Amino acid sequence: MADLLVLGIETTCDETAAAVVARSPSGAGDIRSSIIRSQIEAHSPYGGVVPEIAARAHVEVLDRVIAEAMHEANVSFHDLAAVAAAAGPGLIGGVIVGLTTAKAIALASHRPLVAVNHLEAHALTARLTDGVAFPYLLLLVSGGHTQLLAVEEVGRYRRLGTTLDDAIGEAFDKVAKMLSLPYPGGPEVEQQALLGDPERFTFPRPMHGRREPDFSLSGLKTAVRLEADRLAPLSDQDVADLCASFQAAVVDVVTDRVRAGARMFRERLGTTPTALVVAGGVAANGAIKAALQKAAAELGTRLAVPPPILCTDNGAMIAWAGAERLARGLTDPLHISPRARWPLDPAPAPVRA
């Protein structure tokens, strides 16, 4: 059998991306090309992503991004086994742009379409980069999501815990904004934390020690705001110490919640996870990654974190998820609709027009 070549298109938020990925009959993956165009410069003046600006930017550059990805991979559309696109969840304007483009390519080249759940793409990336076998424990920490899931197979996800309020990425971004740090806030908080004292402020560790592996970040975020208000005007060292103390609290919470998730994983599935996988943009945070490396060893498993460029939104993860689904005979009709919301668990079928 020949490798499955899949074009993947990602337009759910503020990155326009396309990639070509090959999946061998044995299940190994190879990224043949990956092109990403960030919209950070367009959104920075507003301190966050503006949906209308994002959608228009996708329209302006997506065709060129796809052409670059195909050229870099040295393939034509007729060489593809399928065309995959993120069909949600995400900003609906952007999702429509990417999915509609994928439909057009699939129709014109007589290739099947695979409508990919953006969260599933994050969930499966470690199988592309690290060859992780099922079942594994997934910590999904993107800007808008914080979940612990048991990944049993492609399309089979069991939610163990989730955030009760803010996602971790949201908490980082909101703390950055209240401290007047540039957008995007998460990396800025991490950089400032390297210059600060993590023990200067004693912030709460919400949900710490609870049996259920859920998260809560709103109280921690509020504690940072109250301390910042008390100290105002803030010196550079104040900002660095606040960031360091906030990040230290997040690291403690995440580590404790992962341990709780691992206990529930063993109880529910009757086995130890083959790996602790961390996916999503927050997975690029060095302090969180270092703490989870130690936690994974204590839990008797290994840590698998994709490279930073594959933790944030990218086309390779969409192409890989499409290839994984295609290998199992899973494709979608051209009339499939985009979704602003699309949870992994429970995992209802995509809405069809």
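What's counted below: heavy atoms across the whole structure, side chains too, no hydrogens, waters or symmetry copies. Everything quoted here is computed from the prediction, not taken from an experiment. One is the number of the first residue; the rest follow in order along the sequence.
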salt_bridge(Glu170, Lys221) N-O dist < 4.0 Å: no

Ser33 side chain to Glu72 backbone, donor-acceptor under 3.5 Å: no

Spacing of CD belonging to Glu212 relative to CG belonging to Leu160, to within rounding of 0.5 Å: 12.0 Å

N-O pairing of Arg37 and Glu15 below 4.0 Å: no

4.5 Å side-chain heavy-atom contact, Pro307 and Thr129: yes

Minimum-distance pair of heavy atoms, taken over all atoms of Ile31 and Ser34: CG2-CB, 4.1 Å

Test side chain to side chain contact (heavy atoms under 4.5 Å, CB included) applied to Thr222 and Phe203, step by step: CA-CA 10 Å; Thr222 300; Phe203 290 135; over 6 Å; no

Criterion side chain to side chain contact (heavy atoms under 4.5 Å, CB included) on Val224 and Met178, from CA distance to verdict: CA-CA 9 Å; Val224 176; Met178 71 176 67; 4.0 Å; yes

Asp256 (side chain) donor-acceptor with Val253 (main chain) under 3.5 angstrom: no

Distance-only polar pair, side chains of His58 and Thr11, donor-acceptor under 3.5 Å: no

Nearest heavy-atom neighbours spanning Leu217 and Asp165: N-OD1, 2.7 Å

Glu153, CD atom: more than 12 neighbouring heavy atoms under 6.0 Å: yes

Residue His71 excluded, over 12 heavy atoms near NE2 under 6.0 Å: no

From OG1 (Thr125) to CD (Glu120), nearest 0.5 Å: 10.5 Å

Non-hydrogen side-chain atoms of Cys13 and Gln39 separated by less than 4.5 Å: no

Straight-line distance of Leu310 CG to Met317 CE, nearest 0.5 Å: 9.0 Å

Which atom of Gly88 lies closest to which atom of Val95, heavy atoms considered: N-CG1, 3.8 Å

Phe246 and Phe172: CA distance, side-chain angles, deciding distance, ring-ring contact (aromatic ring centres under 6.0 Å, His included) verdict: CA-CA 9 Å; Phe246 164 74; Phe172 268 88; 5.0 Å; yes

Inter-residue atom distance Ser180.OG - Leu234.CG, 0.5 Å rounding: 8.0 Å

Gap separating the CD atom of Glu324 from the CZ atom of Arg23, nearest 0.5 angstrom: 5.0 Å

Closest heavy-atom pair and its distance - Gly93, Ala55: C-CB, 3.9 Å

Asp30 side chain vs Ala22 backbone, donor-acceptor pair below 3.5 Å: no

Any donor-acceptor N or O pair under 3.5 Å, side chains Gln247, Asn285: yes

Heavy-atom closest contact (Thr272 atom, Leu299 atom, distance): CG2-O, 4.1 Å

Nearest-0.5 Å distance that lies between atom SG in Cys243 and atom CG in Asp238: 11.0 Å

Ion pair check, Lys177 and Asp173, cut-off under 4.0 Å: no

Under 3.5 Å donor-acceptor, Arg257 side chain and Arg210 backbone: yes

Asp345 and Arg158 ion-paired at < 4.0 Å: no

Verdict with supporting geometry, Phe77 and Ile105, side chain to side chain contact (heavy atoms under 4.5 Å, CB included): CA-CA 8 Å; Phe77 291 133; Ile105 295 171; 3.7 Å; yes

Parallel, tilted or perpendicular: rings of His118 and His122 (30°, 60°): perpendicular

Among Val282, Val278, Leu303, Val251, the one residue meeting side chain to side chain contact (heavy atoms under 4.5 Å, CB included) with Lys289: Leu303

Side chains of Val21 and Val6 in contact at under 4.5 Å (non-hydrogen atoms): no

Whether Asn314 side chain and Thr312 backbone form a donor-acceptor pair below 3.5 Å: yes

salt_bridge(Arg32, Asp3) N-O dist < 4.0 Å: yes

Shortest non-hydrogen separation from Val239 to Gln192 and the atoms involved: CG1-OE1, 3.9 Å

Side chain Trp320, main chain Leu124, donor-acceptor under 3.5 Å: yes

Any donor-acceptor pair under 3.5 Å from Thr301 side chain to Pro273 backbone: yes

Test item: Thr274 side-chain N/O and Pro135 main-chain N/O as donor-acceptor pair under 3.5 Å: yes

Sidechain N-carboxylate O distance under 4.0 Å for Lys174, Asp166: yes

Enclosure of Ile309 CD1 (heavy-atom neighbours >12, cutoff 6.0 Å): no

Under 3.5 Å: donor-acceptor pair, side chain of Arg339, backbone of Pro89: no

Within-4.5 Å side-chain heavy-atom neighbours: Phe134 and Glu152: no

Any donor-acceptor N/O pair, Asp241 side chain to Asp197 backbone, under 3.5 Å: yes

Carboxylate-amine/guanidinium contact Glu60 Arg56, below 4.0 Å: no

Side-chain donor-acceptor pair present, Thr12, Glu10, cut-off under 3.5 Å: yes

More than 12 heavy atoms from other groups under 6.0 Å of CD on Glu199: no

Modelled atom types, side-chain donor and acceptor of Ser109 and His78, under 3.5 Å: no

